[in-house]
Protein chains: 6
Amino acid sequence: MSASEPDDRRARGRKVLTEIHGPVGEEVVARLAKIAPDFADHLVDYAFGDVYARPGLDRRSRQIATVAALAALGNAEQQLKWHIRGALNIGISSDEIVEILMQMAIYGGFPAAVRALTAAGEVFDEVGVEAAEEAIQDDA
Amino acid sequence: MSASEPDDRRARGRKVLTEIHGPVGEEVVARLAKIAPDFADHLVDYAFGDVYARPGLDRRSRQIATVAALAALGNAEQQLKWHIRGALNIGISSDEIVEILMQMAIYGGFPAAVRALTAAGEVFDEVGVEAAEEAIQDDA
Amino acid sequence: MSASEPDDRRARGRKVLTEIHGPVGEEVVARLAKIAPDFADHLVDYAFGDVYARPGLDRRSRQIATVAALAALGNAEQQLKWHIRGALNIGISSDEIVEILMQMAIYGGFPAAVRALTAAGEVFDEVGVEAAEEAIQDDA
Amino acid sequence: MSASEPDDRRARGRKVLTEIHGPVGEEVVARLAKIAPDFADHLVDYAFGDVYARPGLDRRSRQIATVAALAALGNAEQQLKWHIRGALNIGISSDEIVEILMQMAIYGGFPAAVRALTAAGEVFDEVGVEAAEEAIQDDA
Amino acid sequence: MSASEPDDRRARGRKVLTEIHGPVGEEVVARLAKIAPDFADHLVDYAFGDVYARPGLDRRSRQIATVAALAALGNAEQQLKWHIRGALNIGISSDEIVEILMQMAIYGGFPAAVRALTAAGEVFDEVGVEAAEEAIQDDA
Amino acid sequence: MSASEPDDRRARGRKVLTEIHGPVGEEVVARLAKIAPDFADHLVDYAFGDVYARPGLDRRSRQIATVAALAALGNAEQQLKWHIRGALNIGISSDEIVEILMQMAIYGGFPAAVRALTAAGEVFDEVGVEAAEEAIQDDA
């Protein structure tokens with residue numbers, strides 16, 4: 001039985017989805033499945049089962065790459081918030097997330113970074129982390 | 001004497017630039033300085049001195065964020081190649097770079113990922129790394 | 001009297017606008033005309049009168065091209081919803097629209113496709129079509 | 001044996017890839033496989049096997065959606081040319097392609113449309129079709 | 001004492017920020033500082049102190065460049081509104097703003113221009129200017 | 001005879017095109033007309049005849065808006081170079097162009113600004129202006 005059989009992809013994708021996003025992951029997929037059930041499957045099977053589950057890059061690095069890309073692209077606020085919450089879930093600190101988003105001003109421009117940091121602030125409020133106070137100071 | 005005085009920003013920026021990009025870093029800045037000298041300074045002082053030099057996020061994570069963002073944005077081939085070379089310089093493996101770029105198909109689309117992987121292949125050839133053979137196989 | 005005289009462009013544009021978008025088309029243009037009356041005319045004359053009215057491509061193909069482009073660009077939710085409604089008006093089925101949007105994950109990325117499908121779901125709800133149930137199943 | 005088993009996805013993807021792109025399809029995938037073999041598989045399995053092969057939308061409509069999206073995104077010249085050639089292969093005329101690309105000026109802007117039409121002109125030259133002469137005239 | 005010392009950059013940036021955006025400028029920066037205090041400093045020091053404060057281009061031209069860029073990028077509605085208000089503050093008329101935004105349909109596409117003009121209409125309403133009535137007519 | 005009659009749009013568009021771009025303007029349009037003759041007409045009639053020719057905004061401001069937008073969008077190198085040359089033609093200095101492009105780093109990101117400045121450097125070389133030497137220095 002090969003590791004890429006359909007059931008494996010689905011099961012592996014669901015496992016990774018839940019490890020990163022918690023129960024919210026399945027809720028997002030379920031909501032999508034009402035509009036486009038096969039697309040919801042593609043998201044689980046391909047994005048999470050085929051890509052995120054790959055062993056060649058640690059989970060922290062994968063999540064940083066995703067948060068950075070969504071912030072730089074600057075047009076996917078909900079998905080960025082979802083992945084910021086996922087980053088917190090897997091142990092990336094709110095301060096590190098702020099650092100990633102600040103750096104994205106260089107690549108996606110300042111307005112994209114402002115929007116991303118505002119989105120992060122909302123996630124931090126919802127989740128209950130205090131970001132600003134511990135933020136690393138330039139001149140400290 | 002405060003850590004954010006101009007000479008410090010410049011010196012700190014140059015140091016980080018060279019640590020990531022080697023002598024090529026100064027060459028890129030010098031080329032830019034012929035067209036817009038103050039912009040070349042902004043790049044060193046702000047991007048490298050104020051952002052990349054910050055202690056709140058490790059260098060590996062910063063470089064992953066940048067490579068991911070440039071691949072997802074999909075319209076900055078030269079800068080992406082420059083940062084892929086920088087990633088190799090600081091110890092991110094060619095296989096890990098391939099993993100980051102594959103993942104960007106999810107966020108920037110497949111054509112952006114194809115272009116990024118092609119750019120990476122060119123860098124690997126120039127630098128002399130063998131990427132494909134060691135690439136992690138899905139079904140291994 | 002030549003076919004490209006101003007009155008013809010206006011009349012032709014208005015006719016096509018109404019054929020695709022129904023009375024909502026004129027409402028959108030009227031709302032825009034309050035801010036920028038000449039721009040509202042450009043939209044009718046150029047976009048609808050000069051481009052959409054051209055005989056060289058059937059209306060279904062034109063509407064598919066527009067829905068695909070707006071979904072892939074991923075930053076024009078209102079216009080995408082407007083054109084999804086237009087697509088339904090001219091006989092493109094909700095299932096076909098879902099297929100177009102799923103395919104756009106390949107070109108604009110998954111977050112863009114998720115947003116487009118969510119927008120489509122809202123239009124389908126407003127208009128009263130049942131999309132998900134009849135959606136073509138991968139594994140059927 | 002379910003229709004979504006790995007070998008089926010691969011075989012179905014390859015079949016569709018060749019039907020649209022001819023032998024050039026396999027060449028593009030082979031070139032990509034040298035850099036990232038699993039990504040080349042994802043492209044065949046997911047993009048062509050899971051999406052393009054779906055029965056819910058005719059091939060002409062799928063190819064129009066792709067050409068439109070790539071033209072509007074405006075940053076994937078090689079992929080656009082590849083898909084313009086694919087469009088010609090499956091029977092979309094050069095005049096229809098010109099119409100799609102002209103329409104994209106409305107959504108991706110004139111510079112994107114100019115670049116797309118220039119790319120199309122190069123494909124038409126390579127393939128040997130005469131586009132301009134038969135182009136539908138506004139005022140005819 | 002050199003003109004680029006830290007305190008100078010901060011003071012110069014704050015001065016320019018207030019000249020363009022009025023008291024709202026400091027409010028935006030203060031809100032951002034709660035999430036990422038150093039990023040708020042980068043915005044003031046680099047964007048306003050190092051770039052906007054430069055003598056080589058008049059303020060009107062700088063503000064036109066910014067409004068045009070944000071409209072064409074089409075994914076930063078709040079920042080566009082902020083800069084439209086800034087443009088009014090420094091004496092660019094609402095009719096001129098409408099002209100800039102109409103022109104952006106050529107570069108960012110019609111949907112981006114529609115969104116930008118809608119945002120401008122909201123700012124004009126808030127600020128109390130009457131744009132449409134005095135708008136220059138094509139055919140006048 | 002109304003100012004917006006077809007022949008007027010064409011004549012007005014051609015006049016503005018030549019005033020900004022010189023004989024190169026007609027060459028670009030002629031090249032485009034070989035692929036898509038009606039699109040070349042749309043470019044002249046709509047972009048130059050309907051938009052650039054409008055009296056509500058001075059030509060300098062219009063050209064600044066266009067150069068800024070193309071630099072920020074960051075994916076239209078040829079069109080940016082064409083419009084930088086147009087900016088020089090109508091009396092915007094190379095130093096002012098460098099200022100506009102430096103400012104775009106804030107909105108389109110540093111890589112977009114680097115590409116735009118590199119493109120500008122190529123235009124300045126071709127046209128024979130010396131930009132860097134007279135560039136306004138931050139610290140002067």
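The model shown is predicted, which means the values in this text are computed figures rather than measured ones. In what follows, every chain begins at residue 1, and chains take the letters A, B, ... in the order their sequences are listed.
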Checklist entry - Are side-chain heavy atoms of A:Phe39 and C:Val114 found at a separation under 4.5 Å? => result yes

Checklist entry - How long is the span from the OG1 atom in C:Thr118 to the CD atom in A:Gln78, to the nearest 0.5 Å? => result 9.5 Å

Item to check | Residue part contacting chain C, namely of A:Leu43, when any heavy atom lies under 4.5 Å | outcome: both

Checklist entry - Can you tell me how far CD1 of C:Ile106 sits from NE2 of A:His42, rounded to the nearest 0.5 angstrom? => result 9.0 Å

Next on the checklist: Using heavy-atom distances under 4.5 Å, tell me whether C:Ile97 contacts chain A through its side chain, its backbone, both, or neither.
Outcome noted: neither

Checklist outcome for this item: Cut-off 4.5 Å, heavy atoms of chain C, and the answer for A:Ala47 is neither

Item to check | chain C contact via A:Leu73 - side chain, backbone, both or neither, heavy atoms under 4.5 Å | outcome: neither

Item to check | Taking every non-hydrogen atom, the tightest pair across A:Ala36 and C:Val98 | outcome: CB-CG1, 3.7 Å

Next on the checklist: How about CZ on A:Arg59, more than 12 heavy atoms from neighbouring residues, nucleotides or ligands closer than 6.0 Å, or not?
Outcome noted: yes

Checklist entry - What distance separates A:Asp41 CG from C:Met102 CE, expressed to the nearest 0.5 Å? => result 8.5 Å

Checklist entry - Is there a side chain to side chain contact (heavy atoms under 4.5 Å, CB included) between A:Gln79 and C:Arg115 once you walk through the steps? => result CA-CA 9 Å; A:Gln79 285 92 350; C:Arg115 292 196 302 280; 3.6 Å; yes

Checklist outcome for this item: In terms of heavy-atom contacts, C:Gly74 and A:Asn75 come closest through O-ND2, 3.6 Å

